[in-house]
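Notes follow once the structure below has been shown.
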Amino acid sequence: MDFKDLPKAYDSKDVEAYIYKRWEENGFFNPDKLPERNQQGAPFCISMPPPNVTGVLHLGHTLENALMDTMVRFERMRGKKAVIVPGTDHAAIATQAKVEKMLIADGMEYPREELGREKLLEKIREFAEGSKATMINQIRKIGTSCDWSRLAYTFDEERNTAVNELFTRMYNDGLIYRGYRVVNWTVKGQSTCSDDEIEYVDRKAKFYTFKYSKDFPIVIATTRPETKLGDTAVAVHPNDDRYKQFIGQTFSVDVGASKPLNIKVIADEEVDPEFGTGALGVTPAHSAVDFAMYEKQKAKGDPIDIIPVIGEDGRMTAEAGEAYQGLTAVEAREKFVQYLKDNDLLIKEEEIDQSVGTSDRYGDVIEAIPKTQWWLDMNKEIPGRGKSLRDLMRDAVTTGLDGDKEKLVTITPDRFTKLYLDRVENLRDWCLSRQIWWGHRIPVWYKGEEIHVGNTAPEGEGWEQDPDTLDTWFSSGSWTFSTLGWPNETLDLNTFHPTQWMQMGYEILYLWLMRMVLMSTYLFNDIPFKDAYIHGILRDKEGKKFSKSSGNGIDPIEVVDEYGSDALRISLLFGISAGNDSRYYTEKIENGRNFTNKLWNISRFILTNIKQESSSARRTTNNDSSEGEVRSSKYEIRTLSDKWILSRLEEVTASVTKKLETYQFSPAGEELRDFTWNDLADWYLEIAKVEKGKQEILMHILPTILKLWHPFMPFVTEFIWSQFNQDQLIVAPWPQSQDDVPRTMDQEVNSFETLRSLITDLRRLRAEQGIEAAKFVEYSIVADTYQHQLIEENHEVIKSLTRAESINIEETIAEGWATDVSGTMTIGLNLAGAIDVEAEKIKLQKEIEELAPYIKSTEAKLENADFTSKAPEHVVNSMKDKLDEAKKKQQALKERMKSL
RNA sequence: GGACGUUUAGCUCAGCUGGUUAGAGCGUUCGAUUCACAUUCGAAAGGUCGGAGGUUCGAGUCCUCCAACGUCCACCA
């Protein structure tokens, strides 16, 4: 397609499909196929946070892809060996829960029972494969330049090997152990879950204060009376005078169950004498805290019993007594409370606010029940390392591992480091095993008393593999290295690990970031990535979270189809700041689309302009990608506007580079947009229509801004680039900026700014007087020598941009003309006598008044010795200059007033 | 109970280590169909930076307290 055929409006659809295909064909997503320049460059690797195979991508994924792709394209152009390693996550519990829900919706009552393990897994696998295919296509559509040859899946064979190996090593180091402890149990999901998979919701609850029996001396309180059937102790503070006397005694109490409870009164420092009745009914089987007391008592040699009264089905067990067995917890609660009432044991019943833990996937209330599970120890010293996992996780974000700053994870914004650390200090041992089926099987085999832990099943007959699966985060925690080939010593692993950059939403800081740090520090004594950028979540126009239940979900692909991927990308990136939520709404996308179109038309103008103006086919074809700046050597700086725009381009290049280096995506993009639209399009291109002969300069500017824009808007920039280049923009060198912009430019830039405001002021003058836009007018200007020269030199530009018949430099503005002051110049507009003198006076008076307070306060500041002696010189000087100008302006205004 | 975040034009948000008369986009008002673009162009109106103190020559920008909204954490027995 030749540029003369470029349509007036940019149509993203065909272009995007064509361009992405071309990229893939050229193989530049694969770091091994990048040009020599990149092969020599430093590695830059981003592990794509693998989206869950639970369905389709949402806007949040689009934001993440935009962030990653912007970074990787930037670094690729800068000559690094850059790669995004893509993948998907089997998302164990989330996916199984999703498929089960779908099966139930289709009429199945108990999918697990009805299908059995293998058949249900087959269903889930089918669904997962479908999701994967959909999501990969969606990622392509967004334009993410990830290396599909390195595509991974948390549940494929390579990752399974990694997971098993990791588990085995941790087991052999004594960090993974099997233990009977209280776990978080979802009855609906029929599985344990980790502390991180619990979502707390506020609700009202009844708080009951009661005695076990008439003759029991201590009053206790609870929101879960039914669990009290499993109480085996009452804990009080050792110094509590009210209860001291009972410590050590055991009471047999009849609570209306089949057999009486033996309640021992124990002392525990943890009990707060001020809270409630100062005594705590201990239910070791159904409370993590109480279980800890149970363990403590055991260690002390003064054990108490543990009686599970709630089973895995959420119903009361036989241990709860015949009268309760089989009842749901809620039914049992009612029954027990009724018993207390009937026997005059209930002392108080009040309503309180309670925060109750629920399963984030199944939604039901989490029960605490005791169960034998696999755990990862946070506190145990790793053999030969002198540190625990907790220590490593702490070191990785504070001092760097072993005090090495190269092994320090930097989190942006910094405040998340503190949240991370708080969490690290409070981490409990991680329950690794799950009873759901969709996931990596625990690599443990049993035969009688024997246990085998390893990558593969042991030799010999009669071994049975543990039926449980691993917490999904165990596999995603190893993502940064499992995707690079570990446990094999691959070239990728050596080259790209630790990875350079990671981005994620703050909602998975604990779930994922911490686990990745844990795994990498454990295995390699190294970090998983150097810098982590934390982004907020996308909300809708009202600030509500996007969710299926709110019905406000948006399909990014529909948006891409309508507005284009580039438009979507920049509208998501603009207006965000690290760690903060942002809102998404149509106007933003339209704005993105409009800008894309603007860039398109700027390019169209420049390219066609070149064609028309340079009959000698000056257009350079660039056939050596390392010579990206080939055009720059050819241009000639001739006018003020040339100097100005090139100076601005330098400045913007340096600034955008700096901002991208520090992950300031929005400021970088906005600065670029401001330059492209407000400086280049609105001024320089308009001037170019008057001054002519700017082909070379424009053909320097266009490629440069296409490069600068490419990380943000890869499609449209690549396509425009293809109109005058053989090579591809995706691997073109990032523009170099000379930090030392020649000082002589400053003066030029200032002169141009003077010119620019003069033109704006002249335009305003005619607009205020209601002169119709098409009409040519006469201006006159009172200017000093320097300004005079400026106006002379740019006479045609001013005339054209203000639609003037004539512009004359005069001693004074003639009578009957409308006037105003531009900087220190007085400007006039010929109204052919039709001037409202009074209105003019009012306007000028207003301007004089507006200036007065500024002059006054600035003068006061400059007279203040404290200020002039303490403030830095440049501040004082610039203030003097400004004051000077303001005074001149005021003077001009006053003179004009007088002459009226 | 603890911690963190937010509070700047009608709306959505920028404002780095304190230093010019506080910015952008959208929206609004007025004007424009001229040869890149009406997904456009020109011009304008509109905030004193949640509140109260303090530090400083100087505070949206630092400190203290308060308020509203939001988020996370906690063994609320």
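All chains are named by letter (A, B, ...) in the order of the sequence lines, taking the proteins before the strands, and each is independently numbered beginning at 1.
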Applying a 3.5 Å limit to both distances, which nucleotide forms a Watson-Crick or G-U wobble pair with B:G53? B:C63
Base partner of B:G70, which must satisfy Watson-Crick or wobble distances under 3.5 Å: B:C4
Of the nucleotides [options], which has the atom closest to the [X] side chain?
X: A:R415; options: B:A32, B:C37, B:C4; answer: B:C4
X: A:R539; options: B:U71, B:A44, B:A77; answer: B:U71
X: A:R604; options: B:A74, B:A36, B:U39; answer: B:A36
X: A:Y200; options: B:C75, B:G5, B:A36; answer: B:C75
X: A:L280; options: B:G19, B:A77, B:G42; answer: B:A77
X: A:R428; options: B:G19, B:A38, B:C75; answer: B:C75

Report which part of the nucleic acid A:A681 touches: base, sugar-phosphate, or nothing (heavy-atom distance under 4.0 Å, all strands). base
Does the gap between the ring centers of A:F665 and A:F574 come in under 6.0 Å? no
Is the centre of the A:W600 ring less than 6.0 Å from the centre of the A:F595 ring? no
With centres under 5.5 Å and planes under 30° as the test, does A:F867 stack with B:C57? no
Between A:S571 (side chain only) and A:A567 (backbone N and O only), is there a donor and an acceptor less than 3.5 Å apart? yes
Between the base of [N] and the side chain of [X], is there any donor-acceptor pair under 3.5 Å?
X: A:K598; N: B:C37; answer: yes
X: A:E671; N: B:A14; answer: no
X: A:K8; N: B:A38; answer: no

Could you report the tightest heavy-atom contact between A:I534 and A:G505, atom names first, then the distance? CG2-C, 4.2 Å
